[in-house]
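Values below: all heavy atoms of this structure, side chains included; hydrogens, waters and symmetry mates excluded. Residue numbers start at 1 and run along the sequence shown.
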Amino acid sequence: MKPKHIAIAGNIGAGKTTLCELLSNHYGWEVNYESTDDNPYLEDFYNDMSRWSFNLQIYFLNNRYRQIVEIQKGSKTVIQDRSIYEDAHIFAPNLHKMGLMATRDFHNYFDLFKLMSSQVNAPDLLIYLKASVPTLVNHIQKRGRDYESTMSLNYLKSLNDKYEDWIENYEEGKLLVLDVNELDYKNNTEHRQFVIDEVSKHLNLSS
């Protein structure tokens, strides 16, 4: 059976959108991009994280859950820009740990995540983009989003640590880890082909 759901996971600035575009162009798969430009909470969140953290996480959870439901109802292969697991295992716990999300809000959020995630299947393949903080900062600076300019290095590092812990224990389905510190699939033809070959191998597809 052909895959239906490919999820791209990775920290802010890891290169998820670029990889989505690469795979979409090569395989003809559709992409569900993460809502950033039309996200009603994102800019407010970066200006006042403690005030808007719960609202933002609920927005992302709702958005990603709806995407997965539509993917599983449909017949096409779809790439999801960031998985439903990342907010629950990385972003929300990190906000809680930093004192930017109240304990009752975090527990409420996580209970809702457990209920919603139990009703959908894991991705056919999760692709994790492993990146160091300097690599993330370089990518973030290049794309020049104003609301990301206030992000601290400590915040990025804390997220990275949680990503590594989560991936080390990921058992929901197939996993492919790509080290983007060593890969430039946006500009390097050989690197692009390497990524395509790895994805095809993990999904038993022809490159």
Taking C-beta and beyond as the side chain, do R51 and D44 meet within less than 4.5 Å on heavy atoms?
no

Please give me the minimum heavy-atom distance between G13 and I140, naming the atom from each residue.
CA-CG1, 4.0 Å

Please name the pair of heavy atoms, one in H26 and one in I196, separated by the smallest distance, quoted to 0.1 Å.
NE2-CG2, 3.4 Å

Mind listing the closest non-hydrogen atom pair of K16 and G10 along with its distance?
NZ-O, 3.1 Å

Is the shortest heavy-atom distance from the side chain of L22 to the side chain of T18 under 4.5 Å?
no

Where the side chain of S53 meets the backbone of L100, is there a donor-acceptor pair that is under 3.5 Å apart?
yes

Give every donor-acceptor pair under 3.5 Å between a side-chain atom in residues 103-112 and any protein atom, sequence neighbours left out.
from : atom 1 : to  : atom 2 : distance (Å)
T103 : OG1    : H96 : NE2    : 3.0
Y109 : OH     : A88 : N      : 3.4

Which atom of E86 lies closest to which atom of I8, heavy atoms considered:
OE2-O, 3.8 Å

Tracing side-chain contacts under 4.5 Å among Ile, Leu, Val, Met, Phe, Trp and Tyr outward from I71 reaches V78

For a 4.5 angstrom cut-off between non-hydrogen side-chain atoms, does L56 reach N39?
yes

Identify the two heavy atoms, one from L159 and one from N94, that lie closest to each other, and give their separation to 0.1 Å.
CD2-ND2, 3.5 Å

May I ask you to test the E21-Y33 pair for a side-chain heavy-atom distance under 4.5 Å?
yes

Acceptor/donor pairs from residues 113-129 side chains to any protein atom, 3.5 angstrom cut, sequence neighbours excluded:
from : atom 1 : to   : atom 2 : distance (Å)
S117 : OG     : F113 : O      : 2.9
S117 : OG     : K114 : O      : 3.3
S118 : OG     : K114 : O      : 3.4
S118 : OG     : L115 : O      : 2.6
Q119 : OE1    : Y65  : OH     : 2.8
D124 : OD2    : K4   : N      : 2.8
D124 : OD2    : H5   : N      : 2.9
Y128 : OH     : E164 : OE2    : 2.7

Dump the intermediate steps for side chain to side chain contact (heavy atoms under 4.5 Å, CB included) on T77 and Y27, then the final yes or no.
CA-CA 9 Å; T77 299; Y27 294 103; over 6 Å; no

Is T189 close to Q193 at the side-chain level, that is, under 4.5 Å between some pair of heavy atoms?
no

Taking the side chain as C-beta and beyond, is there a heavy-atom pair between V180 and L19 under 4.5 Å?
no

So which heavy atom on K174 is nearest to which on Y170, and how close?
O-CE2, 4.0 Å

Can you check whether L95 reaches F54 side chain to side chain, under 4.5 Å on heavy atoms?
no

Does the H191 side chain pair with the main chain of L183, one donor and one acceptor, at a distance under 3.5 Å?
no

So, D161 and K157, do they make that salt bridge, N to O below 4.0 Å?
yes

